[in-house]
Amino acid sequence: MTIQHRTVDFDAASKPWKDDLSASQMARRFGVSPNVVVGIAFPNRALFSWKPRARKLPTAREQERAPRKDETAMRDRKPDTVIIPPHKYDLERLPFAKRLLELRPGECIWPINDGSPFLFCAAKTPGKYCQHHESRAVAVHRIAKREK
């Protein structure tokens, strides 16, 4: 038996739906894909009433699971990173440094400190970075490329 788009077939398809068969079970019965059954059921909601989905209850094993760690404990933990000492040029630029929102077009956007708040070089430049920071960025890129 196959489903065609006729009222008689809709009535025939709605009966197993009301008997609480799933769309895939109905599709196997009619020899079509589950998408066909859903495609018929969706526009004909009068014949295919809504079925509430069953909620999956937690198993005993999931209930016995240890509680999660406190999220704030993770926030206070410092990452294990090597802190590179600031460059001499960055220390010289520190009195002229600006916050991100204070930067104007044509000023260097290289960060020169490690936060609280982040400060940027702000030297006049035609591009994103001043000549010094541009050379440092290219040098780091060359070293990383060489290591590959």
Side-chain angles (χ1 to χ4, degrees), residues 1-87 90 93 97-123 125-148:
M1 177 178 182
T2 61
I3 299 177
Q4 296 180 1
H5 294 284
R6 298 186 312 208
T7 308
V8 176
D9 293 331
F10 291 163
D11 292 333
S14 68
K15 187 171 184 174
W17 184 274
K18 289 176 184 169
D19 292 339
D20 212 24
L21 288 180
S22 68
S24 59
Q25 291 169 333
M26 289 175 57
R28 272 188 248 118
R29 182 179 287 183
F30 291 115
V32 294
S33 75
N35 289 340
V36 171
V37 175
V38 172
I40 291 172
F42 184 73
N44 300 299
R45 292 189 189 120
L47 295 172
F48 297 86
S49 61
W50 178 76
K51 292 182 187 180
R53 291 188 174 184
R55 284 186 11 200
K56 183 186 169 210
L57 298 174
T59 62
R61 180 179 232 181
E62 290 172 345
Q63 289 176 349
E64 293 173 4
R65 209 175 351 171
R68 290 185 178 185
K69 292 181 180 177
D70 187 14
E71 297 291 330
T72 57
M74 294 302 287
R75 233 184 299 137
D76 294 340
R77 198 172 140 215
K78 300 286 183 192
D80 299 330
T81 57
V82 178
I83 297 178
I84 300 170
H87 196 270
D90 293 341
R93 290 294 310 160
K98 294 182 180 179
R99 294 181 181 180
L100 183 62
L101 295 174
E102 298 168 349
L103 287 175
R104 302 267 180 228
E107 292 180 335
C108 179
I109 60 169
W110 187 277
I112 58 174
N113 69 344
D114 60 352
S116 293
F118 279 106
L119 297 174
F120 297 85
C121 175
T125 179
K128 285 185 172 184
Y129 303 115
C130 62
Q131 186 177 6
H132 173 79
H133 290 124
E134 180 77 31
S135 65
R136 282 178 60 188
V138 171
V140 169
H141 177 68
R142 285 183 188 153
I143 293 168
K145 196 173 184 182
R146 218 179 301 142
E147 290 175 356
K148 287 183 181 179

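We number each residue from 1, following the sequence as shown.
For the pair Pro34/Val37, no side-chain contact is recorded, criterion being any heavy-atom separation below 4.5 Å from C-beta on. Residues His87 and His132 have side chains in contact (heavy-atom distance under 4.5 Å, counting atoms from C-beta outward). Using a 4.5 Å cut-off on side-chain heavy atoms (C-beta onward), Asp90 and His133 make contact.
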With side-chain contact (heavy atoms from CB on, under 4.5 Å) as the criterion, how do Trp110 and Arg93 come out once you've worked through the C-alpha distance, each side chain's angles and the decisive distance to 0.1 Å? CA-CA 11 Å; Trp110 187 277; Arg93 290 294 310 160; over 6 Å; no

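In this structure, Glu107 and Lys98 approach most closely via the heavy-atom pair OE2-NZ, 2.8 Å. In this structure, Ile109 and Phe120 approach most closely via the heavy-atom pair O-CD2, 3.1 Å. The shortest non-hydrogen separation linking Cys130 to Ala123 is CB-CB, 4.1 Å. When all heavy atoms are compared, the tightest approach of Cys108 to Leu103 is O-CD2, 4.0 Å.
Annotation: the span from Cys121 atom SG to Asn113 atom CG amounts to 11.5 Å, rounded to 0.5 Å.
Atom CD of Gln131 has 12 or fewer heavy atoms from other residues, nucleotides or ligands within 6.0 Å.
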